[in-house]
Amino acid sequence: MLDPKRLRTDAAAIAAQLARRGYTFDLAAFERLESRRKQLQTETEALQAARNKASKDIGFAKAKGQDARPLLETVEQSKQRLAENELALSALQAEFDDFLARVPNIPHDSVPDGKDEQDNVEIRRVGTPRQFDFPVKDHADLGEALGQMDFAAAAKLTGARFVVLKKDLARLHRALTQFMLDVHTREHGYEELYVPYIVNAASLRGTGQLPKFGEDLFALKGEDGQDWRLIPTAEVPVTNLLRDEILDAGELPKKWVAHTPCFRSEAGAAGRDTRGMIRQHQFEKVELVQAVEPGKSYEALEQLTAHAEAILKKLELPYRVVALCAGDMGANAAKTYDIEVWLPSQQRYREISSCSNFEDFQARRMLARYRHPETKKTELLHTLNGSGLAVGRTLVAVLENYQRADGGWDAPAALKPYLPD
RNA sequence: GGAGAGAUGGCCGAGUGGACGAAGGCGCUCCCCUGCUAAGGGAGUAUAGGGCUUUAAAACCUUAUCGAGGGUUCGAAUCCCUCUCUCUCCGCCA
């Protein structure tokens, strides 16, 4: 959520910045809402103040044994109008909140211009794709030939976009998870968390999956009126730990890592990546989340991205880092780096991590604050997150990049301790 | 699943219709005193909005918030209803 105060004083400039992501800020609608809000709120609060004053006076009068009847009558008269005002105001506020909740974040100045994927800017390339002296197979062919990756079985159990892994591939999946968690906790200073995989609507609003992206989520058929969803990413339960909290400056930066499954309905992705494990309804991810002081979030974004990259470096998988252009970024992000791993079967780099700085956009919505040590005032935190990494896609990358002519695969050296013979 | 108790500020805890954003204590901050990390004295100490002013803030005025939502009332932390969560006992269980 953007700062309503800034929006009021600087709407035109903000609209211009939002235009960079192809978003048209409805200035007229905003100003109409805002002027009605101001008028209605001022009026309502004046009525409330008058009522509160009168009620106190009634109390005084009664305590002194005076006749409170005249006061009662005057209060009675404005009662109806106050009730109408309050009703109108809360309706307007709801409208205003909904409007505001749909406005995306302002792209940082360093974010490249552009309207889609084509305009993203490659920042660096690490590692060299291996030259194969035999025809490469993709991970699905390799896995199925080994009898350890079974899409048909998963389709029987559930449906499309699920997988059953067996034997060494199931173990590789587990080993990758363990490896990632160990690196981030031991070498990068993250605190490991175990969190719920089901969250309520308030949490989804906090991180911005609602109201806009509800169709991507799996909803649970709960009891009466309960609105529970499966998490699409650990970002939701982890970042929401900060909701309605005021941290001490000494607790910062907060650095959390959590391994969770992620559930996405992939609405609108029909026909895309239907083959293999690239795009599933259920996948696992090791997620990095940070909460930092406002002045330090861009430094933190570089670090967090480097932490995710470290996994690929250790696994010796070729990758590149891409700065998303304004038009390709998610609505909550002020700046995003995608990390893309080389997939020999596709002869291209594919996203394996997405690292974003949300600045105070999420923090404002969820009231995630810290106390400034000098001013003693509360200030909004900056939040960041990134995959470190998507486990399923990492497995795909290992399988494809380390494949042998005989259809088997070699384990990356860094993984050997996790895959004893 | 059954029975009962409860939810108040950073923490403990008082408050069953009016001067309560909330006693008291602890903690914390600042000041004073004190010749030595102890003790004492004083002051301050919730959050989020809005108005006004402003470069911005502070100050000032004001609204809302005592688990959440609704209701009764001129007035609700206090009364009523619904929900959520916590605790105790019983049952069941990975």
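All chains are named by letter (A, B, ...) in the order of the sequence lines, taking the proteins before the strands, and each is independently numbered beginning at 1. Note that the structure is a prediction, hence the values are computed from the model and not measured.
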Collect all protein-nucleotide pairs involving nucleotides 55-59 of chain B in which both atoms are nitrogen or oxygen and the distance is under 3.5 Å.
none

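- Tyr370(A) places its OH atom 15 Å from the P atom of U47(B), with the value rounded to the nearest Å.
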Extract all donor-acceptor atom pairs below 3.5 Å that involve side chains of residues 303-312 of chain A and protein atoms in other chains or at least two apart in sequence.
residue, atom, partner, partner atom, Å
Thr305(A), OG1, Leu301(A), O, 2.7
His307(A), ND1, Tyr190(A), OH, 2.7
His307(A), ND1, Gln303(A), O, 3.3
Glu309(A), OE1, Arg124(A), NE, 3.1
Glu309(A), OE1, Tyr319(A), OH, 2.6
Glu309(A), OE2, Arg124(A), NE, 3.4
Glu309(A), OE2, Arg124(A), NH2, 2.6

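- Residue Leu367(A) contributes atom CG, which lies 18 Å from atom P of A46(B) at whole-angstrom precision.
- In this structure, Arg205(A) has no salt bridge (charged side-chain N to carboxylate O under 4.0 Å, His left out) partners at least two apart in sequence or on a different chain.
- Nucleotide U47(B) holds its C1' atom 13 Å from the CD atom of Glu245(A), rounded to whole Å.
- Mapping Phe60(A) and Arg369(A) onto RNA chain B by nearest heavy atom places Phe60(A) at the nucleotide closer to the 5' end.
- A46(B) sits 14 Å from G21(B) when the P atoms are compared, rounded to a whole Å.
- Taking atom C1' in both G17(B) and G91(B), one finds a spacing of 42 Å when rounded to whole Å.
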Sequence neighbours excluded and cut-off under 3.5 Å, please list the side-chain donor-acceptor pairs for residues 17-25 of chain A, or say none.
residue, atom, partner, partner atom, Å
Arg20(A), NH1, Val111(A), O, 2.7
Arg20(A), NH1, Asp113(A), OD1, 2.8
Arg20(A), NH2, His108(A), O, 2.9
Arg20(A), NH2, Val111(A), O, 3.1
Arg21(A), NE, Asn105(A), O, 2.9
Arg21(A), NH1, Met329(A), O, 3.3
Arg21(A), NH1, Gly330(A), O, 3.1
Arg21(A), NH2, Asn105(A), O, 3.1
Arg21(A), NH2, Gly330(A), O, 3.4
Arg21(A), NH2, Ala333(A), O, 2.7

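- For Lys56(A), there are no salt bridge (charged side-chain N to carboxylate O under 4.0 Å, His left out) partners, not counting sequence neighbours.
- Using modelled atom types, one finds no donor on one side chain facing an acceptor on the other under 3.5 Å when comparing Glu73(A) with Gln77(A).
- Checked for salt-bridge contact, Arg161(A) and Glu266(A) miss the test: no charged N lies under 4.0 Å from a carboxylate O.
- Atom C1' of G6(B) sits at a distance of 16 Å from the matching atom of C83(B), rounded to the whole Å.
- Distance, Leu380(A) CG to U47(B) P: 13 Å, rounded to whole Å.
- Counting only N and O atoms by type, the side chains of Thr185(A) and Glu192(A) include no donor and acceptor under 3.5 Å apart.
- For the C1' atoms, the distance linking G18(B) with A77(B) amounts to 13 Å, nearest Å.
- At the heavy-atom level, Lys62(A) lies under 4.0 Å from base atoms of the strands shown.
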Name every donor-acceptor pair, under 3.5 Å, that has one atom in a side chain of residues 246-258 of chain A and the other anywhere in the protein, sequence neighbours excluded.
residue, atom, partner, partner atom, Å
Glu251(A), OE2, Asp248(A), N, 2.8
Lys255(A), NZ, His188(A), O, 2.7

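- Rounding to whole angstrom units, CD of residue Glu86(A) and C1' of G71(B) are separated by 14 Å.
- Residues passing the salt bridge (charged side-chain N to carboxylate O under 4.0 Å, His left out) test with Lys313(A): none are found, sequence neighbours excluded.
- Residue contacts shown for Arg8(A) are limited to sugar-phosphate atoms, with no base heavy atom under 4.0 Å away.
- As a whole-Å value, the separation of Leu92(A) CG from G49(B) P is 18 Å.
- The closest side-chain donor-acceptor pair between Gln48(A) and Glu86(A) falls under 3.5 angstrom.
- A gap of 8 Å separates the P atoms of A7(B) and G67(B), to the nearest Å.
- We find that CD1 of Ile246(A) is positioned 15 Å from C1' of C28(B), with the value rounded to whole Å.
- Separating the C1' atom of G24(B) from that of A38(B) is a span of 25 Å, rounded to the nearest Å.
- Listed by chain and residue number, nothing satisfies the ring pair (Phe, Tyr, Trp, His ring centres under 6.0 Å) test with His139(A) (two or more places apart in sequence, or in another chain).
- Comparing G9(B) with C20(B), their C1' atoms are spaced 13 Å from each other, to the whole Å.
- Residues of residues 35-52 of chain A that place a heavy atom closer than 4.0 Å to RNA chain B, in numerical order, are Arg37(A), Lys38(A), Gln41(A), Glu45(A), Gln48(A), Ala49(A), Arg51(A), Asn52(A).
- Annotation: C66(B) and G41(B) have their P atoms spaced 35 Å apart (nearest Å).
- Residue Asn85(A) contributes atom CG, which lies 15 Å from atom P of U63(B) at whole-angstrom precision.
- Glu117(A) is linked by a salt bridge (charged side-chain N to carboxylate O under 4.0 Å, His left out) to nothing, counting only residues two or more places apart in sequence or in another chain.
- At the phosphate of U29(B), neither OP1 nor OP2 sits under 4.0 Å from any side-chain N or O atom of Arg371(A).
- For Val75(A), counting side-chain heavy atoms from C-beta on, the closest listed nucleotide (C74(B), U47(B), G50(B)) is C74(B).
- When each of Lys56(A) and Glu76(A) is assigned the nucleotide of RNA chain B bearing its nearest heavy atom, the one mapping closer to the 5' terminus is Lys56(A).
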What pattern of brackets, bars and dots sums up RNA chain B from 5' to 3', given Watson-Crick or G-U wobble pairs under 3.5 Å, [ ] for crossing pairs and | for another strand? ((((((((.[[[..)..(.....]]]((((((.......))))))((((((........)))))).[[[[[..)....]]]]])))))))....
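- Taking Phe218(A) as the reference, His281(A) meet the ring pair (Phe, Tyr, Trp, His ring centres under 6.0 Å) condition, with sequence neighbours excluded.
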